[in-house]
Amino acid sequence: MQLPQSISRLLSGYDTDGQNHATSSAATVLRFVSPPANELFLKIEQRRPKALAPGLQPEHAILRWLGGQLSAPRSLAYHQRGTTQYLLTQALPGSSAESDFPAEEYPRLVQLLAEGLHRIHAHPTANCPFDRRATSVMARALDRIGSPGLNEERRDELQRNLHELNACAVLEEDLVFTHGDYCLPNVMIDNGTLAGFIDWGYAGLGDRYRDFMAAEYSVERNLGAEWVTPFFEAYGVEPIEEKMRVYRLLYDLW
């Protein structure tokens, strides 16, 4: 694999088995290890004009802005060569919250998930590099909907979502710093404690319901529907269903 010099220099002495560690990411994610226990992750993504996915530059910008706060990994290097983007980050300890935790640990797990989300939402928003408010997300989606990379089925789906959103009542936004993809695979647990959060490409200033919606989906998918209410109780909120519906529609657009 021929990597940009700025990346290969930092990976000198590291080895990879070439396995793709991506979950739902559009990027290929490679793990590099150097004895005795140093780990780095390299994301590689091909970009298309007007792609709906954010690419790797926004994640690099957010990680630089966070500077290791919120137990986020540090971005060591970002490079774009032609249509290929590269992002090299530090690894975090532990394993993702979607790992095979026994059912008796689920109460503690939902508490940790709620605690982590509170921590993110309490983070100061000054100089946050990305605006993820509903109107901004819809405007960007409208601009990108003409992308030649979209098939007609996907284009029709996005147009239906925008039509439904335009018909929804305007709901006041409670603006905080949001992760944007707060799901179990992106929360790291180490020895029963929060170790940090990964995959920050959708992060930015927005309504906390952005994260409520993603968390609801992931908790139901990974733990079971019966754990959704305990999660929101641990966070201390009873979600407004009308607002959840709006953010389910918005999710496909950011």
Side-chain angles (χ1 to χ4, degrees), residues 25 41 43 53-78 85 87-94 96-97 109-141 170-190 192-219 231-240 243-244 246-247 250-251 253-254:
S25 171
F41 281 95
K43 291 186 176 182
L56 300 180
Q57 192 280 330
E59 182 170 11
H60 168 69
I62 283 287
L63 293 181
R64 285 297 177 96
W65 176 70
L66 287 172
Q69 298 178 82
L70 291 178
S71 302
R74 291 185 180 273
S75 176
L76 303 178
Y78 169 80
Q85 296 181 333
L87 177 64
L88 184 66
T89 67
Q90 293 177 326
L92 294 181
S96 79
L109 188 55
V110 295
Q111 288 285 337
L112 289 174
L113 293 170
E115 177 187 327
L117 194 53
H118 259 300
R119 190 182 299 179
I120 292 170
H121 290 170
H123 191 74
T125 59
N127 301 315
C128 179
F130 296 106
D131 179 357
R132 307 294 189 186
R133 287 175 292 182
T135 52
S136 298
V137 170
M138 291 171 69
R140 284 194 297 271
V170 176
L171 298 171
E172 183 178 355
E173 290 185 284
D174 175 19
L175 296 178
V176 295
F177 178 56
T178 61
H179 182 280
D181 193 17
Y182 194 77
C183 55
L184 273 70
N186 294 337
V187 180
M188 303 298 290
I189 307 292
D190 188 35
T193 62
L194 284 169
F197 314 94
I198 61 173
D199 287 353
W200 290 90
Y202 293 93
L205 180 69
D207 193 290
R208 67 186 72 221
Y209 271 70
R210 298 184 76 225
D211 291 330
F212 288 170
M213 183 282 308
E216 175 195 55
Y217 171 81
S218 187
V219 167
F231 165 77
F232 284 118
E233 288 175 346
Y235 185 94
V237 68
E238 185 175 345
I240 302 167
K243 200 167 182 179
M244 291 291 283
V246 167
Y247 281 88
L250 280 168
Y251 182 73
L253 303 182
W254 63 66

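Checked against the 6.0 Å centroid criterion, the rings of Phe130 and Trp200 do not qualify as a close aromatic pair. Checked against a 6.0 Å centroid threshold, the rings of Phe232 and Phe212 count as neighbours.
Annotation: ring-ring contact (aromatic ring centres under 6.0 Å, His included) contacts of Tyr78 (sequence neighbours excluded): His60. In this structure Thr89 satisfies the side-chain hydrogen bond (donor to acceptor under 3.5 Å, both in side chains) test with no other residue, sequence neighbours excluded.
Checking side-chain atoms of Arg64 against main-chain N and O of Ser75 turns up a donor-acceptor pair under 3.5 Å. Under a 3.5 Å cut-off, the side chain of Thr193 and the backbone N or O of Asp190 do form a donor-acceptor pair. Put simply, the side chain of Lys243 never gets that close to the backbone of Glu173: no donor and acceptor are under 3.5 Å apart. For the pair Tyr182 (side chain) and Leu113 (backbone), a donor-acceptor distance under 3.5 Å is present. No donor-acceptor pair under 3.5 Å is formed between the side chain of Tyr247 and the backbone N or O of Asp207.
Residues Ile240 and Tyr209 are in side-chain contact: their nearest non-hydrogen atoms beyond the backbone lie under 4.5 Å apart. At a threshold of 4.5 Å between non-hydrogen side-chain atoms, the residues Phe41 and Ile198 do not count as touching. Taking the side chain as every heavy atom from C-beta outward, Asp131 and Val137 never approach each other to under 4.5 Å. A heavy-atom distance below 4.5 Å is found between the side chains of Phe177 and Cys128. Counting heavy atoms from C-beta on, the side chains of Pro58 and Pro129 never come closer than 4.5 Å. Using a 4.5 Å cut-off on side-chain heavy atoms (C-beta onward), Arg140 and Ser136 make contact. The shortest distance between side-chain heavy atoms of Ile120 and Leu70 falls below 4.5 Å.
Heavy-atom minimum distance, Pro73 versus Leu63: O-CD2, 3.3 Å. The two residues Arg119 and Ser71 have their closest heavy-atom pair at NH1-OG, 4.2 Å. The minimum heavy-atom distance linking Gly116 with Phe197 is given by the pair CA-CZ, 3.6 Å. The two atoms that bring Ser96 and Leu184 nearest to each other are CB-O, 4.0 Å, heavy atoms only. Shown here for Lys43 and Leu56, the closest heavy-atom pair between the two residues is O-CD1, 3.5 Å. Across all non-hydrogen atoms, the minimal contact from Arg132 to Ala203 is NE-O, 3.0 Å.
Side-chain atoms of Tyr235 and Arg208 form a donor-acceptor pair, as typed in the model, at a separation below 3.5 Å. If you check the side chains of Asp211 and His121, you find a donor sitting under 3.5 Å from an acceptor.
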Legend entry - Asp181 and Arg210: CA distance, side-chain angles, deciding distance, salt bridge (Lys or Arg N to Asp or Glu O under 4.0 Å) verdict: CA-CA 8 Å; Asp181 193 17; Arg210 298 184 76 225; over 6 Å; no

Inset, instruction - In sequence, state the C-alpha distance, the side-chain angles, and the governing distance for Leu194 and Ile189, and then conclude on side-chain contact (heavy atoms from CB on, under 4.5 Å). - result: CA-CA 5 Å; Leu194 284 169; Ile189 307 292; 4.0 Å; yes

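Here the SG-OH distance, from Cys183 to Tyr217, works out to 9.0 Å after rounding to the nearest 0.5 Å. With values rounded to the nearest 0.5 angstrom, Leu66 atom CG is found 10.5 Å from Glu59 atom CD. Separating the CG atom in Leu112 from the CE atom in Met188 is a distance of 13.0 Å, to the nearest 0.5 Å.
The aromatic rings of Trp65 and His123 stand perpendicular to each other, their planes meeting at an angle above 60°, with 30° marking the opposite boundary.
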